[in-house]
Protein chains: 4
Amino acid sequence: MQQGRVSEMCGIVGIALEDVSARAAIPIFYALYSLQHRGQESAGIATVSGTAGAGSVGGSGEIHLERGMGLVSEVFRENLSKLKGNIGIGHVRYSTTGASTLKNAEPLVVDYRDGRIAIAHNGNIVNASQLRNELKKEGRIFHSETDTEVLAHIFVKGLMKHNDPISALEEVMRRVIGSYSLTMLVNDTLIAVRDPVGFRPLCMGFIEGEKDANGVIFASESTAIDTLGGITLRDVRPGEVIIVREGCEYESFQFCKATNKAHCVFEYIYFARPDSVLDGRLVYDVRLKIGERLAEEHPVDADIVSPIPDSGVTFAIGYAKRSSIDYIEAFIKNRYVGRTFIMPEREARETAVRLKLNVVRENVASKRVILVDDSIVRGTTSKRIVERVRRAGAKEVHLRIGSPPIKAPCYFGIDTPTREELIASSHSINEICSILNADSIGYLSIEGLIDAIGMPAENLCLGCLTGKYPVEVPGEECIAKQLKLWQF
Amino acid sequence: MQQGRVSEMCGIVGIALEDVSARAAIPIFYALYSLQHRGQESAGIATVSGTAGAGSVGGSGEIHLERGMGLVSEVFRENLSKLKGNIGIGHVRYSTTGASTLKNAEPLVVDYRDGRIAIAHNGNIVNASQLRNELKKEGRIFHSETDTEVLAHIFVKGLMKHNDPISALEEVMRRVIGSYSLTMLVNDTLIAVRDPVGFRPLCMGFIEGEKDANGVIFASESTAIDTLGGITLRDVRPGEVIIVREGCEYESFQFCKATNKAHCVFEYIYFARPDSVLDGRLVYDVRLKIGERLAEEHPVDADIVSPIPDSGVTFAIGYAKRSSIDYIEAFIKNRYVGRTFIMPEREARETAVRLKLNVVRENVASKRVILVDDSIVRGTTSKRIVERVRRAGAKEVHLRIGSPPIKAPCYFGIDTPTREELIASSHSINEICSILNADSIGYLSIEGLIDAIGMPAENLCLGCLTGKYPVEVPGEECIAKQLKLWQF
Amino acid sequence: MQQGRVSEMCGIVGIALEDVSARAAIPIFYALYSLQHRGQESAGIATVSGTAGAGSVGGSGEIHLERGMGLVSEVFRENLSKLKGNIGIGHVRYSTTGASTLKNAEPLVVDYRDGRIAIAHNGNIVNASQLRNELKKEGRIFHSETDTEVLAHIFVKGLMKHNDPISALEEVMRRVIGSYSLTMLVNDTLIAVRDPVGFRPLCMGFIEGEKDANGVIFASESTAIDTLGGITLRDVRPGEVIIVREGCEYESFQFCKATNKAHCVFEYIYFARPDSVLDGRLVYDVRLKIGERLAEEHPVDADIVSPIPDSGVTFAIGYAKRSSIDYIEAFIKNRYVGRTFIMPEREARETAVRLKLNVVRENVASKRVILVDDSIVRGTTSKRIVERVRRAGAKEVHLRIGSPPIKAPCYFGIDTPTREELIASSHSINEICSILNADSIGYLSIEGLIDAIGMPAENLCLGCLTGKYPVEVPGEECIAKQLKLWQF
Amino acid sequence: MQQGRVSEMCGIVGIALEDVSARAAIPIFYALYSLQHRGQESAGIATVSGTAGAGSVGGSGEIHLERGMGLVSEVFRENLSKLKGNIGIGHVRYSTTGASTLKNAEPLVVDYRDGRIAIAHNGNIVNASQLRNELKKEGRIFHSETDTEVLAHIFVKGLMKHNDPISALEEVMRRVIGSYSLTMLVNDTLIAVRDPVGFRPLCMGFIEGEKDANGVIFASESTAIDTLGGITLRDVRPGEVIIVREGCEYESFQFCKATNKAHCVFEYIYFARPDSVLDGRLVYDVRLKIGERLAEEHPVDADIVSPIPDSGVTFAIGYAKRSSIDYIEAFIKNRYVGRTFIMPEREARETAVRLKLNVVRENVASKRVILVDDSIVRGTTSKRIVERVRRAGAKEVHLRIGSPPIKAPCYFGIDTPTREELIASSHSINEICSILNADSIGYLSIEGLIDAIGMPAENLCLGCLTGKYPVEVPGEECIAKQLKLWQF
């Protein structure tokens, strides 16, 4: 999947260090750095000093907030030193709702009757606009366009009703439909939340902070915990709320007894880093298996197997391994073509593509080439890539895709284009092959994907592949049993 | 070879477009972008409008210059539009001499009696300090610490003596010892020069600029020409001077009849992009062959072959192919750890390494792992990497290195540490294996390297591997026959 | 009054142009530029496209917002072109409440049930914290620390109750105690509001925008209208709400029948630009009269009269005129010592003062010098200035101050220090003279001030001079009759 | 004289502190700050550590250089700490030759045979282009377009011939025609130089640096010494070279026995700060006397005298004093319209003028107004200002100008327009009055100017007023006796 075709989502972190004098901002900074692939638009950290009676959800500690547009390394420099306190949350954002402005950067920090709340959110609320209108009818006002502000209102309503964050979060789970992995500060208390079906990942572990301060960490992916030299304990469970009490003690509340989950398959295919373990499965391993399975499902006689960098690499390694065809790179990527690249001349599109990805002519000339990518969204980039390999002299070009055809939009946090723009929603596989001018095309089967992930289909969200969604989305088909589970 | 161990050098470009109204700055910008790996410290472009009588080395066109610290994409934004003219040169710099300041950024542009000269230089002058002193004794003054300023003085002296840039460059070749690939503007005339033994690469081709203007291009690597959709014609020959006459016509002068060359082997091993063809050899192909040769020279029974990213990738693919051991990645690199990364806390070195490169624990646990890298300089990073793979549970760790041991410094443009800091200059291979705590270590043999490159040893500079240099360096051993050739 | 002793406040603007295709952002930008002296911390503009049925308080036009930290010329560059629409408001801020962060920059733009609201506020709400707590008890949440957010909540509550912005503003006047001059957008309708006693200025006029579009303008000071080449019509009256209907038609609502006002005297003494006309009085004229009056009240035999630049200039001209003593400058101000001046070395305080203000030794040596300033807050700067004039050789130094002693804090928008820090709250005039080491000191009398302004005392806020405030402030004495008027 | 009409020149500083461990960069920074009015385009400081044998013109101390585009406060921030050493020079630049680029920023630092030289220059070399060509014929190359680079070459030639900086400077005085006040570092020795007729000011004094280190200071104006709390000793004499030996000891060499000088009268009229004493005369006093003299030469019956801010202020005070007409300001200047002001819309010229200078309508309506300015260059701004005062209702507008008509260009450092653009070069005073639409105009007489300055005409450069220059300028009339003196 080429950058620019499907946008990344958000990454979240939450850390509570035992030692009141240790600073949570430092490990949060590193953790966000390792989650940078989940969002490059803005970054933010909110911290607070935990008092003795941490967990009392009282406390008067001021919440410090620093956020800005850009990469983690751009947003945080000297300002990191302003973020005092041993407890905090962090966020990297690629907006799925809301425009790209500082106003929408997270964490969101608000005052309410009994103190302050900070929220970092990964996901997308399906009924956000309905909830927003309800809240406005009560006379509430909104400062941003984010789902997170809706969550804040619902949560504060619950807090004021129940005087207890756990009950308030139970209410959030009842009212809010969609995907949400959250890290929150309620005054000086850290809380982690995962929606009842577990669309987006969230894992938990232990780290050592400055001065050997022991600490609890929550992060979107386990790689963040690895980066800090910590130990990953387990995933936060769908429907679970974890509140960190004094020190490293924590308490778990399980609100949704759902037996079925809805883990996003695209976390495995594209979004997550290969070195992360999500819901018990190493992403690298899933991708390698997908590559092998692709070779079994769609074998072809060829001279080389090549990835489309970077997202196709692990699939191609798996394909080459199973097929015993040589793994040789057809493309070299320019590591310096970054996010900030602005073409000085509009017309120079073609040059831009060559700048980013150059064909190694000698590696493909007169060869039968298998190109492996993770997915096809609109098909425009794939078409251009096939053409370039042909022009470099390839005899045959075979496409192998590490996911089934994407036929329907995602409502749970992935910024897919409209149904009309998805090439697979309106074209057969043969048509796609012909449009992309490939000699053959092979998509992974849905069964193959399920096998590679190694979980029952009932625990996966396959919405964008099947058009059937695990929770109710207006105008879309819903898998009934899931819906029931939702309404616990 | 890990970034930070051995520094990159410079990249140069020269372009002359036939149509006087076309702008050379645009394709130079793209070409520099594709050569960004050769220098990230500063970038610059100088352009001029060629008049009808181009090649007359008269002309009164003003030379426009824009340069700055940072990446090509950072230095050039709106200022690109100030660079008028159909002829120009460009430069990306990683300083090998001179401190890191704007003053040292290239191209260097100076006035002399008959007009203006601009020079972009890749290489290192061995007798720079001696020449500098001679020039100072004549009363000349210096504004910077660069070799390029020395070249400018020598060239201008020749120009004033001979009234002809070609004869002046012949004189430069007589006086200047060291490595230099140059692109130059002498008023509105583009000239390319390569030192008599061809240490640094320089190739030539044709492109189409704006408005379909045909043009001649010189660039450090052929990938720059590919990026522009152009055609690589050939390498500039060692000792050759090429002057671009009117339109795309050019004239070549061959000053050194040397049968022996001294192409830098590290261009093939590490510096050049794999998709470049240097002096007739595709870099990717050389690296793949090195990997295969390594498997032949140093076989070992193991479970996986893994590159140390990014420089070890192609070697590891070759090793895996020949040995039939599975190619599996042991490390995932964080693509966002960039040049500008500043650790907020000094002590956090260990975290910094993990930020950049994370071990995929499951891929190495209980496995016998072969790690492939391009070279070892000081050994500190290699040691740390071996240790991390061991801590992740590897049963055995075998290092395979795509170059022979680096035993001596480079005087020709590669920023190696002093002899004392080079681990292989004072330790046997067994000692190195023990210091790095590897189960085995296998360096490529010099013969293996020569075979993989596919050129006679006489045409390669092996100075850093053998301590014998192709041209006279004070205090170092020189290969006699080369010296003779030099003094044509 | 020296910069840094008493901070400036805010400046506001509102403009509605008749022609829907004209852009309000351009004249708002200029107007803010001319009001820059009222706030240098942040600046912002919000604009909207007025539809045919302007004034209907419906409309669906999006409100565009650009704001940032720094001067008007720093905040607005290319982003000015994003501010589409013929109607808009602007704000320059020096925070009197809330910390100095972008979050607190204005205008504030929020969504509510029926659309969007933007507010720009100059003033200070006395019962803000009480209102904030009431609103929080209703479950409302706050994103910033500004009074303006409190105003927004109260206004939206009123809007939802009455479905009419005029009635909502009547309710705001009932609930909110303090100073507030406001410009607002309610969807695509421009509204201007001034609190019932008119603490802060707000005037109204007509301008010509781009394409000769006629327009209505509201601005803190008339100089903003002059700058745009417009015509000042009149002041917005205390307790008045003006809504701009279609084109340049407007409707006025007078909610408070108060016969007494509370215009801030420090607008005339220090804050406003001398070329502004506030509530019918030219500031320059008031200051000149104060200078003359000072000469009458506190004559002294001396050689020269000198202002302390810049705030003492007009007073000194008046003093010199009445006393017939030569007006000669004792100090030259460095025009380049700006807002951003950061001393490289902490200890160098003394140098910093000299950098900003240099004594012209020859002008004061062996002379009897009268120094004229607008006011004394803490006295530290005045003391230093007297000492420097003495060291330059002055025989005598007489201070003349263009305001009565400041004895009490301001609760209505001026950022005075605490009572304890005000030198005149705890010292007699004789003591002050002795502390400052002056030969004599002469403060303007309160009667003199009232005469110079030329309004009845009942229409002025003299709170900081008398400690008696025109509206109820917890813990302070209130002038009873005013309070009654307030509760209309 | 309105900003933008005639450009400012350069300011220079040189400081040597006795204590080797004290840092010269700090007081140089402050001194440049106080000379900011002499140049806002770029700023630079060069420092060196003086060794025991200071003055030996040997020493091997490295010269540290920091320079950049912009104001002193923008260029120097943390980089000030890099400027180690107790001896240094500084420069603020408004380019009179050379384009506005960093390349041309000073001090210029170059290497030569025996070490390093740094030069800061205020002035303009009349025969620069001739010298430059001569130097180029010797094969020398130039990196910039500045006169300073020419000076460096001539000086180094002298140094290599004589092996002594004093003799080298004698040679500079023989070869170089034009204005030059210089501060220089020759290795670790500080030298100050003033051209033989003393066009540009340069004064000398003593200061206390950090740690009470005594030091010698040279600066363009005495205000820089005041700012540092130092004592001004005297002016550097025309034709004098002062070399600072060990500690605060210095030696003076007088090379030109000229009895006649050529001090620039515009330093007194416009450029210098009023609080500076130049060649024995306080600028404020000269301007006050000019104002008085103007009242005597051109009396008129009027109601108010008003300066055109800021340059007309002191003249107007003098005029008002002598004429007994009230001094009242007709204009208020916006202190925030800075150097960086960029109009968002090109056409809005008229608004830009109003933004900068607003008429106080009430102060001029129905009045007979005398407007006092320092000079008229092109006349365009004056015309606009007269018109604005008329439109504000003035009955009569009388212009009084603090200088005689400017009829000829300056070749000695002031950036005047060409002769054609100078309104007084081609129009009689009556014509100018009519063009500017004034009721009367009165220029100061040349005699009046000479009297106010209080020096014999023979010691002043009146070139721009008389068209007769004190040194030979190609194509211009020269005052013979001066020329002789020059060729000592």
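Chain A is the first sequence line, chain B the second, and so forth, proteins listed ahead of strands; every chain is numbered from 1.
With contacts defined as side-chain heavy-atom distances shorter than 4.5 Å, the pair D:D285/C:V360 does not qualify. Between C:V277 and D:R361, the closest side-chain pair of non-hydrogen atoms is not below 4.5 Å. At least one side-chain heavy atom of C:R273 sits under 4.5 Å from a side-chain heavy atom of D:N358. The side-chain heavy atoms of C:Y327 and D:K321, taken from C-beta on, include no pair separated by under 4.5 Å. Proximity of C:E362 to D:Y284: side-chain heavy atoms (C-beta onward) are nowhere separated by under 4.5 Å. Within the 4.5 Å cutoff, the side chain of C:R335 has no heavy atoms near those of the D:Q36 side chain.
In this structure, the separation between CZ on C:F29 and CG on D:L355 is 7.5 Å, given to the nearest 0.5 Å. Between atom CG of residue D:D275 and atom NZ of residue C:K333 there is a gap of 14.0 Å, rounded to the nearest 0.5 Å.
Of the atoms belonging to D:D326, it is side-chain heavy atoms, and not backbone ones, that fall under 4.5 Å from chain C. Proximity to chain C is absent for every atom of D:V283, based on heavy atoms less than 4.5 angstrom apart.
Comparing D:T314, D:L288, D:L282, D:V359 by how many heavy-atom pairs each has under 4.5 Å with chain C, the most go to D:L282. Comparing C:I332, C:V313, C:N363 by how many heavy-atom pairs each has under 4.5 Å with chain D, the most go to C:I332.
With D:N334 contributing its side chain and C:Y33 its backbone, the two residues share a donor-acceptor pair below 3.5 Å.
In plain terms, the two heavy atoms of D:I317 and C:E329 that are nearest each other are CD1-OE1, 3.4 Å.
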